[in-house]
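All chains are named by letter (A, B, ...) in the order of the sequence lines, taking the proteins before the strands, and each is independently numbered beginning at 1.
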Amino acid sequence: AYPLHGAVRQDHSTMDLAQQYLEKYYNFRKNEKQFFKRKDSSPVVKKIEEMQKFLGLEMTGKLDSNTVEMMHKPRCGVPDVGG
Amino acid sequence: FSTFPGSPKWRKNHISYRIVNYTLDLPRESVDSAIERALKVWEEVTPLTFSRISEGEADIMISFAVGEHGDFYPFDGVGQSLAHAYPPGPGFYGDAHFDDDEKWSLGPSGTNLFLVAAHELGHSLGLFHSNNKESLMYPVYRFSTSQANIRLSQDDIEGIQSLYGARPSSDATVVPVPSVSPKPETPVKCDPALSFDAVTMLRGEFLFFKDRHFWRRTQWNPEPEFHLISAFWPSLPSGLDAAYEANNKDRVLIFKGSQFWAVRGNEVQAGYPKRIHTLGFPPTVKKIDAAVFEKEKKKTYFFVGDKYWRFDETRQLMDKGFPRLITDDFPGIEPQVDAVLHAFGFFYFFRGSSQFEFDPNARTVTHTLKSNSWLLC
């Protein structure tokens, strides 16, 4: 029932957080919102993996608990990718 | 490490900064000190030097703001984004903005301004984020007591030196500062060359400060304990200049450069640091070498170069007729003094690896010992 199979059960706020986080820090463009594509080809999954790789998390491509926890931590406002 | 696209950097070594406004969470002096220390972190590994201006356009403009603040990257209330900064360049480039919805602090609670400023100023100098979790330029905020004095990782040093090169090994115009190393050396208690930065008593215990650490000798355990300064007082700097206990006030004053802090037990008192000139020193005095309180007379002696001042702790004023030459009133004690202790009726002057026991009644040096004799060496 969840777009990202195997992810932590999400509510809208977590999904919103992830979207905002990826847009703000990983140059995720809004027109690439495609949560309902197959997980192994989803740009969202790839973006999540990019974030996980940069931040030293396991690259699951999912919004697992460690990833969600990391997104809630205070941080610098400068993006991690791009300029 | 990484740099911004195109690797922008300052094309000069002398960079100006200005603190445009202040958070109400901290005293102004604390904000000034945190920013100065944050810049020094980078200064110590590059040829860069920083000077502060109080008005006009500086290279790095530092400000506190909330929400939308004019650059289309609004802050977001408490948590999440703490601050951001721009890479080197004209106008708003190089500037650093801090989210004033955060609770700024100098300790482990709230958001540590010194730590965040050091990170943001790395951006102001041209560093982008690092994916190395041990690096200062890693994007996620992590405060630990060991970071109270920030040691750059090798990754941070390689990053900044890829832009500016290393600090020159000899430069007559540079004031010597302790070098920043990714693997700091720990002082060895019985090193025959050991000298102390500052020595004081605190509630009956003897404290001997050296670099980032101090030894603590209590009256019921002669074997000294060894601690990080930051483990007890996270907001204090390392490499202290002087310390003394005004024990009629249960307070230790700690000096570094032109500032001093007051601690009571393991709490740094609010309203500090203050400038040493508030004690009555002239502007020409930039730092204190050593300080000691004489309980019987309720006077504090401050040693600076070849002179000393005497401060009346009751009136909270410098005594008239000072400064005087150290050699005139303490014959046998040669300047410059590293630290002084008053105990058992004697003054103990620490100078390098030697210690001179001075009898104030006889006005003579009675014993010469090694500085670390207090540490059972």
Side-chain angles (χ1 to χ4, degrees), chain A residues 4 7-33 35 43-83, chain B residues 1-8 65 67 69 71-87 89 93 95-99 101-104 110-112 115-124 126-143:
Chain A
L4 297 172
V8 172
R9 190 185 181 111
Q10 305 296 314
D11 56 23
H12 283 298
S13 63
T14 301
M15 299 298 284
D16 287 343
L17 172 66
Q19 179 181 324
Q20 289 168 19
Y21 200 93
L22 296 176
E23 286 175 356
K24 192 169 181 181
Y25 302 116
Y26 288 87
N27 200 28
F28 177 63
R29 286 173 291 177
K30 286 181 182 177
N31 61 6
E32 289 182 6
K33 267 193 296 187
F35 282 94
V44 175
V45 170
K46 290 194 183 314
K47 207 43 106 163
I48 292 173
E49 287 178 340
E50 183 182 2
M51 170 182 68
Q52 289 168 329
K53 181 180 179 183
F54 189 90
L55 296 177
L57 298 166
E58 186 185 353
M59 290 172 62
T60 62
K62 303 172 187 146
L63 296 178
D64 51 63
S65 59
N66 288 335
T67 302
V68 173
E69 182 185 353
M70 182 65 84
M71 289 193 297
H72 276 103
K73 289 187 176 178
R75 57 160 289 151
C76 174
V78 175
D80 295 336
V81 299
Chain B
F1 71 87
S2 63
T3 57
F4 284 89
S7 296
H69 53 277
D71 64 359
F72 304 107
Y73 288 94
F75 286 129
D76 49 14
V78 177
Q80 261 287 318
S81 176
L82 302 176
H84 54 230
Y86 294 90
Y93 284 102
D95 295 352
H97 303 158
F98 295 82
D99 185 351
D101 275 329
E102 311 302 336
K103 178 64 177 170
W104 294 104
T111 305
N112 188 280
L115 177 60
V116 173
H119 174 98
E120 297 305 328
L121 291 165
H123 289 314
S124 298
L127 284 180
F128 205 40
H129 282 148
S130 171
N131 60 5
N132 183 327
K133 281 192 170 181
E134 303 309 314
S135 294
L136 175 61
M137 295 312 296
Y138 182 76
V140 178
Y141 178 80
R142 296 184 315 159
F143 179 87

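The candidate from B:G6, B:G79, B:A83 with the greatest count of non-hydrogen atom pairs under 4.5 Å with chain A is B:A83.
If you measure heavy-atom distances from B:E120 to chain A, the contacts under 4.5 Å come from the side chain alone. Heavy-atom distances place the backbone of B:S130, and not its side chain, under 4.5 Å from chain A. Looking at A:M70, only its side chain comes within 4.5 Å of chain B, counting heavy atoms on both sides. Residue contact with chain A, scored on non-hydrogen atoms closer than 4.5 Å, involves the side chain of B:D76 exclusively.
Remark: B:D71 engages B:H69, B:H84, B:Y86, B:H97 in a side chain to side chain donor-acceptor pair (under 3.5 Å) (not counting sequence neighbours).
B:Y93 OH: 12 or fewer foreign heavy atoms inside a 6.0 Å radius. Within 6.0 Å of atom OH in A:Y26, more than 12 heavy atoms from other residues, nucleotides or ligands are found, so the atom counts as buried in its surroundings.
Distance alone, capped at 3.5 Å, is enough to place a donor-acceptor pair between the B:Q80 side chain and the A:M71 backbone. Judged by distance alone, with hydrogens and angles left aside, the side-chain atoms of B:H119 form no donor-acceptor pair with the main-chain N or O of B:L115 at under 3.5 Å.
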